[in-house]
Amino acid sequence: MSGRPRAATLLLTLGALLAPSLAVATAPAAAAAEAAEAAEAAADTLLSQGKPATASSKEGDGFSAGQAFDGNLTGTRWASQWSDPQWIQVDLGKKANLSRAVLTWEGAYGKGYEIQASDNGTDWTTLKKVTDGDGGTDDLALTGAGRYVRMLGTVRPGGYGYSLWEFQVYGSDGTTQPPPGGAVKVTGTQGAWQLTVGGQPYTVKGLTWGPSMADAPKYMPDLKSMGVNTVRTWGTDASSKPLLDAAAANGLRVMNGFWLQPGGGPGSGGCANYVTDTTYKNTMLTEIAKWVETYKSHPATLMWNVGNESVLGLQNCYSGAELEAQRNAYTTFVNDVAKKIHSIDADHPVTSTDAWTGAWPYYKRNAPDLDLYSMNAYGDICGVQQDWVEGGYTKPYIITETGPAGEWEVPDDANGVPDEPTDVQKRDGYTKAWECTTGHRGVALGATLFHYGLEHDFGGVWFNLIPDGLKRLSYYSVKKAFTGSNAGDNLPPVVSGMTVTPAGSAPAGQEFTVRADIRDPEGDAVTNKIFLSGNYANGDKRLVPAQFRSTGAGTFAVTAPEKLGVWKVYIQAEDGRGNAGIETKSVKVVAPPVSGTNVALNKPTTASSAQASYGDCPCPASNATDGKTDTRWASDWSDPQWIRVDLGAPTPVRKLQLVWDPAYAKSYEVQVSDDGTTWRTVHTTTTGNGDIDTIDVAATARHVRLHLTARGTGWGYSLHEFGVYS
């Protein structure tokens, strides 16, 4: 494949992450009509295009003020002389209520500028002040009215002047309501495309949707306040209606997704055979057509997105020539779906998402009826433009997932697990992703960034803007990307310089030290919490509260879990204003040190049974006395069982350390013998809970045995280590 293929092992299985969103919910029939009325009231109209414009200066004859109001986003521009201040203004013809201004900067942008309005062109009122502009596209919400609107540039970042591809002013003239949306089209020519809604330019400024569909009315106003105009879903059915209604009521649109097997990542709903399984394909075609018919006239519908990462996901089902045949068959089926959708709905485009630009040759060859492409790209988002150029593609695209580097893209830390980016790095990752998307002018038509999600777990902390409803630095970076400013926002605490000591050898059940520099930008009082995740130790992605105590400014003594393996430890700093800074590092939990000599190490060890072939087996008894915590003994799945070690000679025994696999003993006895025949019991328990048992013993014997009488799970018994200390 050409381009930059993503690794097959993905951090998130989106089907599982988004499963709550697919619950069926039905809204009253009147809701659609009410939502349509609200959307109509919330909509705004482009007022400035083609209107008379003037400026304080121009760089030359080809850069006049009118070029910023001609509707050409990539071909013409206004450019000023190289000094401060400079201004450009437009005469709307009559006084209008103003809702927003969209400034599409060329490389020479305004770092500091004001958007002002006037009734007479002489007396000006400032509606928006930007002090931290960084170029690209600034979409600014406005409150005010006027006939004249101008950008007054006060601070340049470099030696050039100010330069705008386009300066768009939106609002209402106060006499008529704007039309309720209209057809969505991909217009333009090769390399100069544009998405339009009702004939007006539309750049997708979006987020992927995480909360339940039924909760959309609760969260949609927050998305609107962030400058979001689009949300993306992965599945469309009866449960989608509350989301569509709430989006319309707030002036947002929805990219309606349709899930196809296998999706991205292992599992993800099964492995369809696109070469032979006509039943599955016909079923999905009928199902998709049903929901297109249902929602094609909904005012929130922006476009249809068929499938998610299935070209990638098929490698988890097939290989070799069969994989190639399946990928061709899948993308041919996507084209069949696109044709079917177009036959039902001529007013909304059709796209299809995959995880890597290596999927695009299949779409180019087999899916000519797609109106545009889509892809998910994270750490390598800035390489998409180059891949598009080198691939010779003739369709524009939308980035349907992007953000900071994912688990599959970052280097491993000292404990051998992916080194998660910091909150600051994640913030900057979203900023870079948006800049690289919008930087591909005339081809990239916008993005839906990942992810407006609430999950407070391993994956949620990595990617969610609002885990557990708390706003992160990344939330505000997205807001700034879409609106141009964080003016007036109370920002989250910043956690930096986090360390864990000892990071590679924290004794199970004992304390280790966590330290970080925790600062709040506004000086708000901060409450610190510590969480642990066993994702790498036992597959549990949840964040569970840790037992900890503060030992000084930004320093904590945290009690390690008893389960051995690599854990993630999280500092969560909350400011009491709905914001949180979250930082994470790994810690390797090891067996607590036992003084003395392990006299069982590599000694002859036997057992009542041993698993020959299951999972990582064979698992002979000798694995429990080899000194390695990554090997294990495993018994049959029955009671009772035993494992014994021959120390070779009578030996003082004062302590045992048992390192259990998840298949542990709830009840067992420790027995010793001088001859291997007659046994005496030196310890008994009926309350075993697995993980690590450290047992004091006072005996002298040649043989030591565990007599195991009740299992703690449905499996057998399994020990990583059976340590006997003298």
Side-chain angles (χ1 to χ4, degrees), residues 11-12 17 207 210-211 222 226 378 403-407 410 413 415 417-431 449-480 486 489-500 503 512-522 524-536 540-548 550 553-556 558 561 566-587:
L11 173 62
L12 300 174
L17 181 65
L207 287 171
D222 183 47
M226 296 174 68
Y378 291 85
E407 187 184 15
V410 297
D413 65 12
N415 287 324
V417 300
D419 193 4
E420 186 167 342
T422 66
D423 258 12
V424 170
Q425 289 170 331
K426 291 174 184 176
R427 175 200 68 190
D428 295 344
Y430 285 102
T431 301
L449 311 180
F450 190 86
H451 177 55
Y452 193 82
L454 298 166
E455 295 86 357
H456 186 249
D457 57 11
F458 173 83
V461 168
W462 199 301
F463 281 115
N464 284 347
L465 304 185
I466 52 167
D468 208 23
L470 297 167
K471 298 175 181 177
R472 312 273 297 278
L473 286 174
S474 51
Y475 171 97
Y476 292 99
S477 69
V478 172
K479 181 178 180 181
K480 183 178 179 182
N486 286 140
D489 289 330
N490 182 288
L491 300 178
V494 177
V495 184
S496 61
M498 181 178 175
T499 59
V500 176
F512 61 92
T513 300
V514 175
R515 189 191 177 285
D517 183 35
I518 304 169
R519 303 188 185 191
D520 186 85
E522 293 81 17
D524 294 328
V526 174
T527 300
N528 297 309
K529 300 177 181 179
I530 307 291
F531 295 93
L532 294 166
S533 168
N535 180 59
Y536 297 119
D540 187 351
K541 294 181 180 295
R542 294 177 302 160
L543 263 61
V544 296
Q547 180 182 335
F548 74 97
S550 176
T555 305
F556 311 92
V558 182
V566 178
W567 289 72
K568 294 291 288 293
V569 57
Y570 299 78
I571 297 177
Q572 181 166 300
E574 301 178 15
D575 65 359
R577 297 176 179 269
N579 301 313
I582 306 177
E583 206 71 17
T584 178
K585 293 291 183 183
S586 74
V587 59

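Since the structure is predicted, the reported quantities are computational estimates derived from the model, not experimental observations. Worth knowing before you read on, the calculation uses all heavy atoms, side chains too, and leaves out hydrogens, waters and symmetry mates.
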Exercise. Would a distance-only check, ignoring hydrogens and angles, find a side-chain to backbone donor-acceptor pair under 3.5 Å from Glu522 to Leu491?
Worked result: yes
For this session: Report the C-alpha distance between Lys479 and Asp222 in whole Å, list the side-chain angles of each, state the deciding distance to 0.1 Å, and finish with yes or no for salt bridge (charged side-chain N to carboxylate O under 4.0 Å, His left out).
Result: CA-CA 10 Å; Lys479 181 178 180 181; Asp222 183 47; over 6 Å; no
Exercise. So do Thr513 and Val500 actually touch side chain to side chain, heavy atoms under 4.5 Å?
Worked result: no
Exercise. Looking at side-chain heavy atoms only, is the closest gap between Phe556 and Asn528 below 4.5 Å?
Worked result: yes
Exercise. More than 12 foreign heavy atoms under 6.0 Å from CD of Gln547: is that the case here?
Worked result: no
For this session: Kindly compute the distance separating CG (Leu532) from CZ (Phe548), expressed to the nearest 0.5 Å.
Result: 10.5 Å
Problem set entry | For Met498, the option from Val569, Ile518, Asp517, Thr422 that meets side chain to side chain contact (heavy atoms under 4.5 Å, CB included) | Val569
Exercise. When rounded to the nearest 0.5 angstrom, what distance separates CG in Leu465 from CG in Leu207?
Worked result: 5.5 Å
Exercise. Asn535 and Lys541: side-chain donor and acceptor closer than 3.5 Å?
Worked result: yes
Exercise. Below 4.5 Å, heavy atoms only, C-beta onward: do Trp462 and Pro421 meet side chain to side chain?
Worked result: yes
Problem set entry | Residues Lys568, Glu420: salt bridge by 4.0 Å N-O rule | yes
For this session: Report yes or no: does Tyr430 contribute a side-chain atom to a donor-acceptor pair with the main-chain N or O of Phe450 at less than 3.5 Å?
Result: yes
Exercise. Passes side-chain contact (heavy atoms from CB on, under 4.5 Å), Phe458 versus Glu407? Steps please.
Worked result: CA-CA 11 Å; Phe458 173 83; Glu407 187 184 15; 3.8 Å; yes
Exercise. Quick one: CH2 on Trp567 to OG1 on Thr584, what's the gap to the nearest 0.5 Å?
Worked result: 12.5 Å
Exercise. Ring centres of Tyr452 and Tyr475 under 6.0 Å apart?
Worked result: no
Exercise. Does any N or O in the side chain of Asn486 come within less than 3.5 Å of the main-chain N or O of Asp489, such that one atom is a donor and the other an acceptor?
Worked result: no
Exercise. Does a side-chain heavy-atom distance below 4.5 Å link Arg472 with Asp423?
Worked result: yes
For this session: Check whether any side-chain heavy atom of Tyr570 sits under 4.5 Å from a side-chain heavy atom of Ile530, and report yes or no.
Result: no
Problem set entry | OG1-CZ distance between Thr555 and Arg515, expressed to the nearest 0.5 angstrom | 5.0 Å
Exercise. Is there a donor-acceptor pair closer than 3.5 Å between any side-chain N or O of Asp413 and the backbone N or O of Asn415?
Worked result: yes
Donor-acceptor list for residues 572-582 side chains, cut-off 3.5 Å, not counting sequence neighbours:
from, atom 1, to, atom 2, distance (Å)
Gln572, OE1, His456, NE2, 2.7
Gln572, NE2, Glu574, OE2, 2.7
Glu574, OE2, Lys529, NZ, 3.1
Asp575, OD1, Arg577, N, 2.8
Asp575, OD1, Asn579, N, 3.2
Asp575, OD2, Asn579, ND2, 2.9
Arg577, NE, Asp524, OD1, 3.1
Arg577, NE, Asp524, OD2, 3.1
Asn579, OD1, Tyr476, OH, 2.7
Asn579, ND2, Asn490, O, 2.9
Asn579, ND2, Asn490, OD1, 3.3

